[in-house]
Amino acid sequence: MSIYANSPSARITVLTILSLFVVADVFGNILVCLVVLRNPSMRTAMNLILVNLALCDITVAIGMTSKYILTELISHPTGDFGKYLCTFITSGNLTWVGGLASVFCLVSLSYERYSAIVNPYDIHKRITKRKAVWFSVASWIMSMIICVPEFIGYDYYITRQGCFQKWPFPWLPKAYSMFWLFVVGIIPISLMVFFYSRIVHTLWFQSKRDPELAQQAALRYRKSVTKMLIVISVIYIIGWMPTLCVFVLVFWSKAFQVGQVIGAVTAILVVFNSAVNPYAYALQSKEFRKRLKSYIFCCQCRLVVLPVNDTYTQHSVALNQPHVNKAFVADQNIELQSYNKRSQTCLKKEG
């Protein structure tokens with residue numbers, strides 16, 4: 001589907017911006033996956049969800065590439081093959097699948113932080129690594145099921161030079177667009193606002209200043225992670241809400257037409273949302289920044305730094321709680337000391 005078909009210079013500009021965002025998206029999110037999966041100390045529940053979010057962002061980039069960039073490079077076939085190509089590739093439906101799975105990840109991240117910070121001793125509500133994996137799998141299954149109508153009725157129209165969808169019932173697109181507005185926009189945003197407001201209130205207004213350096217470091221880490229997740233959630237809202245609103249207006253208002261400017265802006269915002277996430281991690285998280293630098297600049301000595309984990313940093317408090325498994329906390333304390341020794345050894349070698 002061409003953007004600015006009547007203006008070559010504008011088309012080249014938009015496609016260049018999209019291409020740069022796609023490259024940044026794929027490159028950055030692959031690095032995120034490598035950083036987490038190749039470093040055992042980074043495989044926390046939160047980081048595993050971030051890996052799934054990175055896969056969602058890569059899927060969005062693939063969908064936008066097939067819709068706006070691939071169609072500029074090939075002559076789109078017609079007939080049955082052209083119809084199948086439209087349905088699964090050049091219509092960009094993968095963008096919707098990846099986008100829907102990403103919002104499930106963002107809600108999962110907000111709940112994971114909420115349970116770890118607001119209810120740190122309620123073990124049954126905590127998201128473990130096993131639960132994080134199951135949540136990630138469930139997010140893809142749910143997104144594929146919800147996106148089934150997106151793969152119905154597509155065909156390539158020679159006269160319009162693009163892939164367009166013909167809905168089987170006139171009421172279906174109206175209902176489906178409103179469904180997307182609520183399921184992908186209003187409901188998840190409301191949940192994230194609730195979770196993060198409680199987290200911010202707990203960290204910034206209820207936390208007492210502890211004289212112990214370990215507790216101060218833990219509080220700083222939690223605040224940094226919270227700011228990082230709030231940033232990527234706000235970026236999601238900026239990137240996807242205009243597209244969802246346009247999706248609703250197209251089917252509910254006969255007077256509304258998606259012009260060249262609106263089409264280009266919404267496409268750029270969606271790719272921007274997916275591309276910027278890895279760099280938000282690097283800016284807000286010192287841990288991610290160190291790991292990303294080690295891959296980019298090929299450092300031979302990889303620091304073994306254990307992320308500040310709520311279970312570890314609260315061991316002194318947890319041991320005084322009668323309902324907490326003290327043996328488990330003691331084991332984690334020993335593991336933390338082991339990681340610290342390995343980290344110091346690596347630092348000496350690097351020096």
Side-chain angles (χ1 to χ4, degrees), residues 19-65 94-95 97-113 116 127-129 131-140 143 192 221-222 224-240 269-299 302-309:
S19 300
L20 291 174
F21 279 145
V22 165
V23 172
D25 181 334
V26 175
F27 176 74
N29 284 295
I30 287 177
L31 282 180
V32 169
C33 295
L34 290 174
V35 163
V36 175
L37 297 179
R38 297 188 65 178
N39 293 278
S41 63
M42 292 286 289
R43 295 176 200 159
T44 62
M46 184 188 75
N47 288 344
L48 290 176
I49 299 175
L50 287 178
V51 168
N52 191 50
L53 180 60
L55 296 176
C56 296
D57 290 337
I58 293 173
T59 303
V60 170
I62 293 173
M64 297 302 286
T65 300
L94 286 177
T95 301
V97 176
L100 186 54
S102 70
V103 74
F104 293 145
C105 292
L106 291 174
V107 174
S108 299
L109 286 169
S110 64
Y111 176 75
E112 192 277 336
R113 289 289 83 197
I127 296 183
T128 62
K129 289 191 285 186
K131 289 181 180 179
V133 172
W134 280 111
F135 282 167
S136 299
V137 173
S139 69
W140 286 102
S143 64
M192 287 187 285
Y221 171 78
R222 291 172 185 162
S224 176
V225 171
T226 300
K227 288 188 289 185
M228 176 190 75
L229 296 179
I230 290 176
V231 166
I232 64 175
S233 299
V234 171
I235 293 172
Y236 168 82
I237 296 172
I238 295 173
W240 275 95
L269 285 176
V270 168
V271 183
F272 169 77
N273 164 73
S274 298
V276 78
N277 284 342
Y279 308 97
Y281 308 154
L283 288 174
Q284 293 293 331
S285 174
K286 187 177 180 180
E287 181 82 20
F288 260 105
R289 189 160 58 249
K290 285 182 178 180
R291 299 291 186 177
L292 289 173
K293 284 182 179 179
S294 71
Y295 276 99
I296 294 174
F297 298 106
C298 301
C299 293
R302 296 179 179 177
L303 299 180
V304 182
V305 181
L306 184 67
V308 181
N309 186 287

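All values below come from the heavy atoms of this structure, side chains included, with hydrogens, waters and symmetry mates left out.
- Here the closest heavy-atom approach between residue Asn52 and residue Cys105 is recorded as ND2-SG, 2.9 Å.
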Problem set entry | Trace of the side chain to side chain contact (heavy atoms under 4.5 Å, CB included) decision for Leu50 with Met228 | CA-CA 12 Å; Leu50 287 178; Met228 176 190 75; 4.3 Å; yes
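- Here the straight-line distance linking atom CE of Met46 with atom NZ of Lys129 works out to 13.5 Å at 0.5 Å rounding.
- Looking at Leu229, Ile235, Val234 one by one, the single match for side chain to side chain contact (heavy atoms under 4.5 Å, CB included) with Val231 turns out to be Ile235.
- Taking CD from Glu112 and CG from Asn47, the interatomic distance works out to 9.0 Å, rounded to the nearest 0.5 Å.
- The shortest side-chain heavy-atom distance between Leu53 and Ile232 falls under the 4.5 Å cut-off.
- When each of Ile58, Val60, Val26 is tested with Ser274 by the rule side chain to side chain contact (heavy atoms under 4.5 Å, CB included), just one qualifies, namely Val60.
- Between the OH atom of Tyr279 and the CG atom of Leu31 there is a distance of 7.5 Å, given to the nearest 0.5 Å.
- The structure places CZ of Phe272 at 9.0 Å from CG of Asn277, a figure rounded to the nearest 0.5 Å.
- By the side-chain contact (heavy atoms from CB on, under 4.5 Å) test, Ala101 pairs with Cys56, Ser139, Trp140, Ser143, sequence neighbours left out.
- Annotation: side-chain contact (heavy atoms from CB on, under 4.5 Å) contacts of Leu20 (sequence neighbours excluded): Thr16.
- Atoms CG and CD1, on Leu269 and Ile237 in that order, are 13.5 Å from each other to the nearest 0.5 Å.
- The side-chain contact (heavy atoms from CB on, under 4.5 Å) test applied to Ala132 returns Ala45, Leu48, Ile49, Ile127, not counting sequence neighbours.
- Residues that satisfy the ring pair (Phe, Tyr, Trp, His ring centres under 6.0 Å) test with Tyr111, not counting sequence neighbours, are Phe195.
- Here the OG1 atom belonging to Thr95 is positioned 6.5 Å from the CH2 atom belonging to Trp240, to the nearest 0.5 angstrom.
- Ser108 is linked by a side chain to side chain donor-acceptor pair (under 3.5 Å) to nothing, counting only residues two or more places apart in sequence or in another chain.
- Smallest separation of non-hydrogen atoms from Leu106 and Met192: CB-SD, 3.7 Å.
- Annotation: side-chain contact (heavy atoms from CB on, under 4.5 Å) contacts of Thr65 (sequence neighbours excluded): Val22, Ile69.
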